[in-house]
Amino acid sequence: MTIVEIAWFNSTKAYQEDHSLLNETARRLKQFAGLNRLYLGWQVEPDTTIAYVLNIWESYDHYIAAGKEKEYSETFATFQPALDGTYADISVIMAPFTSGPEEAVGAPVTEIVLAGLKEGKSEADLSTLFDSISSTGKLIGHHWGPIRDKENQFALLVGWKSVEFHYEVAQTEIFSEVIDKGDSTLLDPKIAHVKFTEM
């Protein structure tokens, strides 16, 4: 099953000023078997210094196998100029989404939501919530899935034509049901807007 790796980190000033610093890292990563697509991104809000790497792997086994190869550690050496901190400071989640996330990730802006489930809620409630999101007809793809190795934690990707448009839609009557369902279903949601570029 396809699995999505999402990593984010504090970026260096050098990377903020020259986004090409990770081009070589991306080129090397794409050589590994099972890496179907790779995207680099920047948070539009709330913190524009946070950078992202999103990888779509053929399977979790492919991800694990790549990490065991000698070339993988060599590839990460090319990553250091972009990272403000150490590798331990990189946040990473893995999620098998219910559908391929290319549509939402390819949108002008991608909303990333990481959240738990409130007590008494289940994946069925999540499915109902996401059906409501889809029915608004205002977004560019939406995809969700459980976060691997984190019980009752989920990731949601929603594509928008702009951050401003997202906020405009959020104020409309058609989206009020979505917001109410989200408030009653999601626990401690963490939200960011990111602009991705496929490499």
Side-chain angles (χ1 to χ4, degrees), residues 1-44 47-107 109-116 141 143-159 190 192-199:
M1 174 185 287
T2 299
I3 194 162
V4 179
E5 173 190 14
I6 305 175
W8 62 100
F9 56 94
N10 291 315
S11 62
T12 60
K13 186 72 171 177
Y15 186 37
Q16 293 163 30
E17 294 175 349
D18 181 4
H19 294 183
S20 70
L21 279 183
L22 284 189
N23 286 1
E24 176 61 15
T25 305
R27 185 192 69 77
R28 291 179 178 226
L29 282 172
K30 289 166 66 176
Q31 305 302 310
F32 290 102
L35 180 55
N36 293 344
R37 287 188 142 166
L38 183 154
Y39 301 81
L40 299 180
W42 290 90
Q43 239 183 60
V44 179
D47 185 349
T48 58
T49 68
I50 303 296
Y52 283 74
V53 179
L54 186 149
N55 295 320
I56 302 176
W57 293 90
E58 184 68 27
S59 69
Y60 185 70
D61 288 343
H62 282 91
Y63 163 75
I64 293 298
K68 292 178 179 178
E69 294 189 30
K70 181 187 72 170
E71 291 82 3
Y72 196 79
S73 59
E74 294 173 352
T75 296
F76 264 82
T78 68
F79 187 86
Q80 189 61 57
L83 173 63
D84 184 11
T86 68
Y87 295 122
D89 298 314
I90 302 173
S91 299
V92 181
I93 65 160
M94 305 288 294
F97 283 88
T98 53
S99 58
E102 289 88 348
E103 188 176 11
V105 179
V109 172
T110 305
E111 177 188 8
I112 300 177
V113 182
L114 306 178
H143 319 276
W144 67 279
I147 298 175
R148 186 180 173 89
D149 299 327
K150 292 191 177 183
E151 187 176 1
N152 285 328
Q153 295 290 312
F154 295 84
L156 167 65
L157 301 178
V158 180
K190 294 176 175 56
H193 289 95
V194 180
K195 181 175 179 58
F196 284 106
T197 300
E198 185 170 9
M199 303 302 291

Legend entry - Heavy atoms from other residues, nucleotides or ligands near CD of Glu151 exceed 12 (cutoff 6.0 Å):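 Open: at most 12 neighbouring heavy atoms sit under 6.0 Å from CD of Glu151.
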Inset, instruction - Could you check whether the rings of Tyr15 and Trp42 sit parallel, tilted or perpendicular, using 30° and 60° as the cut-offs? - result: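 Taking Trp42 first and then Tyr15, their aromatic rings sit tilted (interplane angle of 30° to 60°).
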Inset, instruction - Indicate yes or no: at least one non-hydrogen side-chain atom of Gln80 is less than 4.5 angstrom from one of Tyr87. - result: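 With C-beta onward as the side chain, the pair touches.
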Legend entry - Student check: side-chain heavy atoms of Val53 and Phe9 closer than 4.5 Å: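 The answer is yes; the side chains approach within 4.5 Å.
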Inset, instruction - Would you check if the side chain of Thr12 reaches a backbone N or O of Asp84 as a donor-acceptor pair within less than 3.5 Å? - result: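 Side chain of Thr12 to backbone of Asp84: no pair is present.
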Legend entry - Any donor-acceptor N/O pair, Ser99 side chain to His143 backbone, under 3.5 Å: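 No.
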Nearest 0.5 Å please: distance from the [atom1] atom of [X] over to the [atom2] atom of [Y].
| X | Y | atom1 | atom2 | result |
| --- | --- | --- | --- | --- |
| Glu5 | Ile56 | CD | CD1 | 11.0 Å |
| Tyr39 | Asn55 | OH | CG | 10.5 Å |
| Glu74 | Glu69 | CD | CD | 10.5 Å |
| Thr110 | Ile6 | OG1 | CD1 | 9.5 Å |

Legend entry - Salt-bridge contact Arg37-Glu198 (side-chain N to carboxylate O under 4.0 Å):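 Yes.
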Legend entry - Minimum heavy-atom distance between Leu21 and Pro81, given as atom pair plus value: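 That closest heavy-atom pairing would be CD1-O, 4.2 Å.
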